Amino acid sequence: MKITGVKGMNDILPAAVGRWHEMERLAREVFHLYGYREVRTPAVEHAALFARGVGEATDIVNKEMYVFEDKGEELLALRPEGTAGTVRAFIEHGCHVEGLQKWFYIGPMFRRERPQKGRYRQFHQIGCEAFGAGQPAVDVEQIALLADLFARLGVTTDLKLNSVGDATCRPAYLASLKGYLQGHAGALCADCRDRIERNPLRVLDCKVESCQPVLQGAPRLLDALCPGCKDHLDAVTSGLDALGVTYRLDPRLVRGLDYYTRTAYEFASDALGSQSAVAGGGRYDGLVETLGGQPTPGIGFALGQERLALILEAVGRAPPEQGPAVFFLSADEQGAREALKRASELRKLGIACDLDPRGGKMKTQFKQAERVGARYAVVLGGNEAASGEAKLKNLETREETPVRLDDLAARLRG
RNA sequence: GUGAGUAUAGCUCAAUCGGUAGAGCACUGGACUGUGGAUCCGGGGGUUAAGGGUUCGAGCCCCUUUACUCACCCCA
């Protein structure tokens, strides 16, 4: 039986890893510009954390989470998302006493779903959380941060924005929505009839043609917002306007996790196929308290790295791999020894170089030099070892110029 | 979990009516004894996803299984 990779868990080979470095480098840079600091938390948490934080009834927890018993002692889970663990760490280390905390993380998440384009069982997210400020200015700053990151990546996205209300207005709205949907259940598709009880907000997002007339007449959450939520939303939109961030208010935008309150947003790209969301986020003012911490407002987003990689691929953004400055070719035994010695010297000086330990034909060695992306090549043999003189060949222009081996470092730096 | 599609060399794909499995790329050897990308000649590579059936004969037809892909549900 051949051993293969696990379904939905992918290898990222060296040829593709440049894109990942690029997005992570830019993300760290942008987070730094906006005052976010990196946090690293484990990929494994107690299963109960997600049940309580994300929501027992959500698909993510009740059908997609990898749960296992650790030697019969406790129930653990591979994290299906990043917020719950980050909040757990925030509470556990008493970070609420330190005022506003802006954190970001980069790492793998796990959900046991059927894989498809842009959806995998191990996937990677770049996410952030801002704890301790309920002001709409935080929402604005965070959305602008994401827009900034996409701009730097050269990626165009559509931003959808909505408010999902809070504890004062959402329950009443949900009740009236449920009532309305139950009254029109006969005109809805089978999926929607199921969703009425389980996840009524999702019904609003149904794409089935026959459901549309009912949805047109449904009560709108935006109309049912309490004054606090309404003011918050107005402040967010005017803040985005002031910063020149373009968005579209989408009353049908729903977030799948239970903990969201007020602001919900999503960045989508048409380069992605069916799973078009590349990043999604929102406010969760009750979550810290739900997980046992002091009441602390929070807001965060998660960005799917695989999805971003797909977009970068589609728009043809592939940063070139950084090859070594010089590649040593050996013409004979003496040259091979000289190559090893010179490479060692350059590496100690911080200059990347490489050589072909297999020796052999010039043609093969030149191909290897080309393959690793070296900028220059130097052929070494007995003559060069003895005289200390060689030719420095520019692999792009194929021009050769004489060089003293002792001057190599200076030449490559210049 | 549901539905559809696909499965032939490392990669991308051919193979007529069912008649002994081929090309390009890649790798590798040579033409070229110390200078690559062009050209030419050669070489290695395959249980045609697996198992069963029909047939004189199956890559091709039928059945089962598996894997992958896309979509639904849901989400990054």
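Just so we're clear, the structure is a prediction, and the values are computed from it rather than from any experiment. Quick note on labels: first sequence line is chain A, next is B, and so on, each numbered from 1.
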Stepwise side-chain contact (heavy atoms from CB on, under 4.5 Å) check, A:Gln182 with A:Glu197: CA-CA 9 Å; A:Gln182 276 156 356; A:Glu197 282 307 318; 2.9 Å; yes

Whole Å only: how far is the [atom1] atom of [X] from the [atom2] atom of [N]?
| X | N | atom1 | atom2 | answer |
| --- | --- | --- | --- | --- |
| A:Lys367 | B:G36 | NZ | C1' | 8 Å |
| A:Arg121 | B:C74 | CZ | C1' | 14 Å |
| A:Gln125 | B:C75 | CD | P | 13 Å |
| A:Gln275 | B:C70 | CD | C1' | 11 Å |
| A:Met109 | B:C74 | CE | C1' | 18 Å |
| A:Gln368 | B:U35 | CD | C1' | 16 Å |
| A:Phe50 | B:C75 | CZ | P | 17 Å |
| A:Met65 | B:C74 | CE | P | 19 Å |

Report yes or no: is there a donor-acceptor pair, N or O only, under 3.5 Å between the side chain of [X] and the base of [N]?
| X | N | value |
| --- | --- | --- |
| A:Lys393 | B:G36 | yes |
| A:Gln365 | B:U35 | no |
| A:Arg371 | B:C27 | no |
| A:Asn383 | B:G34 | yes |
| A:Arg114 | B:G3 | yes |
| A:Glu113 | B:A76 | yes |

Write down the partner of [N] under the Watson-Crick or G-U wobble criteria, each distance required to be under 3.5 Å.
| N | answer |
| --- | --- |
| B:G45 | none |
| B:U33 | none |
| B:U2 | B:A71 |
| B:C25 | B:G10 |
| B:A58 | none |

Listed nucleotide nearest any side-chain atom of [X], set [options]:
| X | options | answer |
| --- | --- | --- |
| A:Asp191 | B:G29, B:A76, B:C72 | B:C72 |
| A:Phe123 | B:A76, B:A71, B:C68 | B:A76 |
| A:Gln116 | B:U69, B:U28, B:C72 | B:C72 |
| A:Arg202 | B:C74, B:C70, B:G34 | B:C74 |
| A:Lys363 | B:U28, B:C74, B:A31 | B:A31 |

Taking the [atom1] atom of each, how far is [N] from [M], in whole Å?
| N | M | atom1 | value |
| --- | --- | --- | --- |
| B:A14 | B:U55 | C1' | 26 Å |
| B:G19 | B:U28 | C1' | 35 Å |
| B:U6 | B:C60 | C1' | 15 Å |
| B:C17 | B:G57 | C1' | 14 Å |
| B:C11 | B:C68 | C1' | 16 Å |
| B:A67 | B:A49 | C1' | 7 Å |
| B:C41 | B:U48 | P | 30 Å |
| B:G3 | B:U12 | P | 28 Å |

A:Phe366 six-ring face occupied by A:Lys393 cation (under 6.0 Å, within 45°):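 Verdict for A:Phe366: a cation-pi partner in A:Lys393.
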
Under 3.5 Å side-chain donor-acceptor pair for A:Glu24 and A:Gln305: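 Yes, because at least one side-chain N or O of A:Glu24 sits under 3.5 Å from a partner of the opposite role on A:Gln305.
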
With A:Phe31 via ring-ring contact (aromatic ring centres under 6.0 Å, His included) - residues at least two apart: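 With neighbours one apart ignored, the set is A:Tyr36, A:Phe104.
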
Side-chain N or O of A:Thr364 closer than 4.0 Å to phosphate OP1/OP2 of B:G29: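 Answer is yes, contact under 4.0 Å.
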
Within the structure shown, what part of the strands sits under 4.0 Å from [X] by heavy-atom distance: base, sugar-phosphate, or nothing?
| X | value |
| --- | --- |
| A:Tyr120 | base |
| A:Val379 | base |
| A:Thr4 | nothing |
| A:Gly118 | base |
| A:Arg111 | base |
| A:Glu64 | sugar-phosphate |
| A:Leu395 | base |
| A:Glu81 | nothing |
| A:Lys63 | base |

Non-neighbouring partners of A:Lys361 that pass salt bridge (Lys or Arg N to Asp or Glu O under 4.0 Å), sequence neighbours left out: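 If we apply the salt bridge (Lys or Arg N to Asp or Glu O under 4.0 Å) test to A:Lys361, skipping adjacent residues, there are no hits.
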
Euclidean distance, A:Thr86 OG1 relative to A:Glu45 CD, rounded to 0.5 Å: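 Nearest 0.5 Å value for the CD-OG1 distance: 8.5 Å.
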
Lys/Arg N to Asp/Glu carboxylate O, A:Arg121 vs A:Glu64, below 4.0 Å: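 Salt bridge: no.
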
Electrostatic pair A:Arg411-A:Asp407, nearest N-O below 4.0 angstrom: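 Salt bridge flag = no for A:Asp407 with A:Arg411.
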
Least distance between heavy atoms, A:Thr290 atom then A:Arg52 atom: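 Heavy-atom minimum between the residues: O-CD, 3.5 Å.
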
Most 5' of A:Ala302 and A:Ser274 on RNA chain B, judged by nearest nucleotide: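 Final value for this comparison: A:Ser274.
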
Residue whose nearest RNA chain B nucleotide is more 5′ - A:Gly381 or A:Lys361: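 Between the two, 5'-proximity favours A:Lys361.
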
